[in-house]
**Q** 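Structure provided below as structure tokens; questions to follow.
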Number of protein chains: 2
Amino acid sequence: MNLRAPVTLLDVAQRAGVSVATASRVLNGGDRVPRPELQERVRAAADALGYTPNAQAQALAKSSTNVVGILVHDIEDPYFAAIANGVMRAADERNLLVMLASTFRDAEREIAYLASLRAQRARAAVMIGSRRTDAESLARTASEVGSFLNSGAGLALVSQSGMPAHTIEPDNRAGAAELARSLAGLGWRKFGILGGPEALATARDRRDGFLAGLADSGLEPVAVEYGDFTRDGGYAAAEELLDRGADVDCLFAVNDVMAVGAMSALRARGIDVPGRLGVAGFDDIATLRDVWPGLTTVRLPLEQMGRRALELAIEGGEPSVETFKAEVVLRESTARA
Amino acid sequence: MNLRAPVTLLDVAQRAGVSVATASRVLNGGDRVPRPELQERVRAAADALGYTPNAQAQALAKSSTNVVGILVHDIEDPYFAAIANGVMRAADERNLLVMLASTFRDAEREIAYLASLRAQRARAAVMIGSRRTDAESLARTASEVGSFLNSGAGLALVSQSGMPAHTIEPDNRAGAAELARSLAGLGWRKFGILGGPEALATARDRRDGFLAGLADSGLEPVAVEYGDFTRDGGYAAAEELLDRGADVDCLFAVNDVMAVGAMSALRARGIDVPGRLGVAGFDDIATLRDVWPGLTTVRLPLEQMGRRALELAIEGGEPSVETFKAEVVLRESTARA
DNA sequence: CTGTTAGCGCATTCAT
DNA sequence: ATGAATGCGCTAACAG
């Protein structure tokens, strides 16, 4: 009740006329509990004084915390938000506190955050999103990942393989391949691919999968254009491709936000979708399910992937790899007249 | 390097042949630094051993942490994600670690999280989003807020007034009023309002502001329908309003996600926007800027609001109220033929 | 300038 | 069943 009055366990114990040990036992549980009468006395004293255990001290004493970390590239990107949401729900169910960091796609920042989590003695961490395959920074990240693991904490990565930790992989290749076959089945023939940065495994896999799917249908892309893995990247790539005068009838963007950017670019040029050009994306971002024409895409169980990642990170054990299937969702943006 | 080997400051000190105090001084800084030679010895020993300071112990020793908390209703909602992003950027600049909790709109959970932050001795916290004005739970929240503040931590609320802490308020009323006047100026006359839960101040203020703006133009709404503050809420409210056969020519949804839901409902019924019905929202969610027809809305400086909230929370001091202006953004969804 | 020492708040043996 | 004492890892006086 008083201003700035750090009430400690000792205060509570004294007011209740017991030892700190006893107070600790009733307020924390775990151990064999004291006699009912004492319990009440302690509890009464505790909230009379407005006692709040000092989590830092507890952590130090039992050398273990209940905090887990989440690393994402950008929490505003709905893809990451969805996965992070799954991690957070799972954490909440286990009474774990979450430290969330947005790395803004900066490898240095990411490494620094991981180190911070280690300093916090976090119980586990989940890293979401694929890293650029730049040899040097990848090595430095791997090194920090090693230290993290060695500290005894658990770790799981989503969409990033090659690290000695649990891995959750969306089946990007298979999903993209199936999408390609579905699109071909619909009658589309002249495909243009809007790829992401070559350094991102996720972007590469989706492109390659799509290519493989086309091949299955005896087709190959008319054009491939690359851009950032963002809305603006999709917009720019689409413009580029159009400027080059590529003779395409359907565009596949390696993720939904790029696809939406591309649709805006087409609209700006008065190109009707799907009338003159079909458009498809990947992810099935919930927030984008109401765009018009409805975007054909490949659905990923984002939230579940997040949940599972946390479970694996907490469980620890030998590194494992779990793949989550993707499912094609056909909507109006690729409907044939 | 070794598995599960908690390297402590003492280990480093011994290996460097100095005292823990010295080791602490060079590894942490702050104090006057020891002679260069010792510094190197300590640093060398530190990373030879792979030393990582124990943040818990540090916090306990200097009774202060560098963690701040963020409470949002739902991190998947782009509105919250945008504000949280601002908070996180500001935190990053100050080298503060962020604990993020999604309360899933559960008051109990929110209170529990605040208590956890207190237990963690968080330096400050930012609560985003307006709470339901349910008397009892509001009182309990207020109580926990009081405790939090009393613990010496800073606090700032975004979109929630009435608490004895710093407050960031978007100017919902003025923004909605200006939107109403703009729309009226465009020639729209028969307005339907898709309101949010009456218990949410944000939803109420926007509706009331819109009403006031209409009044300024000598108009009043033809119909008002309420729904959840979500995409589905907007969809349902729009259907409801249509089913009642309300004679409207323009719909105002109190936020963008509701507006987008409403647009889908209209589309499902073959109602052209803006041909037969205009539609407007509020927030100017970035992810929705590519919907078609482009959604007329009211832009809020979401990220800046988040940044400012953190600054205020960290600064502490007397509770203040800062209002952020909103700006009408006219797009195709309310264009008159 | 550097080393010694006493807490920080709590969990936990070990006695009683 | 309870209390006393020790240590968790580190910082901050206080000495030397």
**Q** Just wondering, do B:Asp74 and B:Tyr79 contact through their side chains at under 4.5 Å, heavy atoms?
**A**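 No, every pair of side-chain atoms sits at 4.5 Å or beyond.
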**Q** Near DNA chain C, which residues from residues 54-62 of chain A have a heavy atom under 4.0 Å away?
**A**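 Within residues 54-62 of chain A, the residues near DNA chain C are A:Asn54, A:Ala57, A:Gln58, A:Ala61.
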**Q** By the side chain to side chain donor-acceptor pair (under 3.5 Å) test, which pairs, at least two apart or in different chains, include something from residues 118-129 of chain A?
**A**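 Sorted pair list: A:Arg118-A:Glu144, A:Arg118-B:Thr52.
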**Q** Name the atoms and distances for all side-chain donor-acceptor pairs under 3.5 Å in residues 96-107 of chain B, with sequence neighbours left out.
**A**
from: B:Ser102; atom 1: OG; to: B:Ile75; atom 2: N; distance (Å): 3.0
from: B:Thr103; atom 1: OG1; to: B:Val72; atom 2: O; distance (Å): 3.2
from: B:Thr103; atom 1: OG1; to: B:His73; atom 2: ND1; distance (Å): 3.4
from: B:Thr103; atom 1: OG1; to: B:Arg105; atom 2: N; distance (Å): 3.3
from: B:Asp106; atom 1: OD1; to: B:Glu108; atom 2: N; distance (Å): 2.9

**Q** Taking the axis from the first five pairs and the axis from the last five, what angle separates them in the helix from C:dC1-D:dG16 to C:dT16-D:dA1, rounded to 10 degrees?
**A**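 For the helix from C:dC1-D:dG16 to C:dT16-D:dA1, the axes at either end differ by 40°.
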**Q** Can you list, in residue-number order, the parts of residues 8-16 of chain A that come under 4.0 Å of DNA chain D, counting heavy atoms only?
**A**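 Per residue number, the list is empty: none.
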**Q** Quick one: are B:Phe229 and B:Asp77 in side-chain contact, heavy atoms under 4.5 Å?
**A**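 Side chain of B:Phe229 against side chain of B:Asp77, heavy atoms only: no contact under 4.5 Å found.
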**Q** Take B:Thr202 and B:Ser130 through the test side chain to side chain donor-acceptor pair (under 3.5 Å) and record every step on the way to the result.
**A** CA-CA 6 Å; B:Thr202 299; B:Ser130 51; 2.9 Å; yes
**Q** Would A:Glu40 and A:Arg43 count as a salt bridge (charged side-chain N to carboxylate O under 4.0 Å, His left out) here? Give the steps.
**A** CA-CA 5 Å; A:Glu40 293 198 29; A:Arg43 262 184 248 289; over 6 Å; no
**Q** With the side chain counted from C-beta on, respond yes when A:Leu117 and A:Phe148 share a heavy-atom pair under 4.5 Å apart, and no when they do not.
**A**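 Yes; the side chains approach each other to less than 4.5 Å.
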**Q** From the set C:dC1, D:dG3, C:dA11, return the single nucleotide nearest to any side-chain atom of A:Ser24.
**A**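 Minimum distance to the A:Ser24 side chain belongs to C:dA11.
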**Q** Write out all pairs satisfying side chain to side chain donor-acceptor pair (under 3.5 Å) with one or both partners inside residues 56-70 of chain B, taking only residues at least two apart or from two chains.
**A**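 Qualifying pairs: none.
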**Q** Considering residues, nucleotides and ligands other than B:Glu136, do more than 12 of their heavy atoms fall under 6.0 Å from its CD?
**A**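 Atom CD in B:Glu136 is not crowded, with 12 or fewer foreign heavy atoms closer than 6.0 Å.
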**Q** Nearest whole angstrom, please: distance from the P of C:dC1 to the CZ of B:Arg25.
**A**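 In whole Å, C:dC1 P and B:Arg25 CZ are 10 Å from each other.
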**Q** Does the side chain of B:Val158 come within less than 4.5 Å of B:Val126's, by heavy atoms?
**A**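 Yes, close enough: below the 4.5 Å cut-off.
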**Q** Between B:Asn28 and D:dT11, is there a contact of a side-chain N or O with OP1 or OP2 at under 4.0 Å?
**A**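 So the side chain of B:Asn28 is within the cut-off, an N or O lying under 4.0 Å from OP1 or OP2 of D:dT11.
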**Q** Whole-Å distance between C:dC1 C1' and B:Glu37 CD?
**A**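 Going from B:Glu37 (CD) to C:dC1 (C1'), I get 13 Å.
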**Q** Which part of the nucleic acid, if any, lies within contact of A:Thr22, taking any heavy atom under 4.0 Å across all strands shown: a base, the sugar-phosphate backbone alone, or nothing?
**A**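 Since only primed, P, OP1 and OP2 atoms lie under 4.0 Å of A:Thr22, the category is sugar-phosphate.
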**Q** Of all the choices, D:dG3, C:dT4, C:dT2, which nucleotide is nearest to the side chain of A:Val18 once you look at every atom?
**A**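 Closest nucleotide among those given: D:dG3.
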**Q** Side-chain contact, heavy-atom cut-off 4.5 Å: B:Val42 with B:Val18?
**A**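 When only atoms from C-beta onward are counted, B:Val18 and B:Val42 do touch, with a gap below 4.5 Å.
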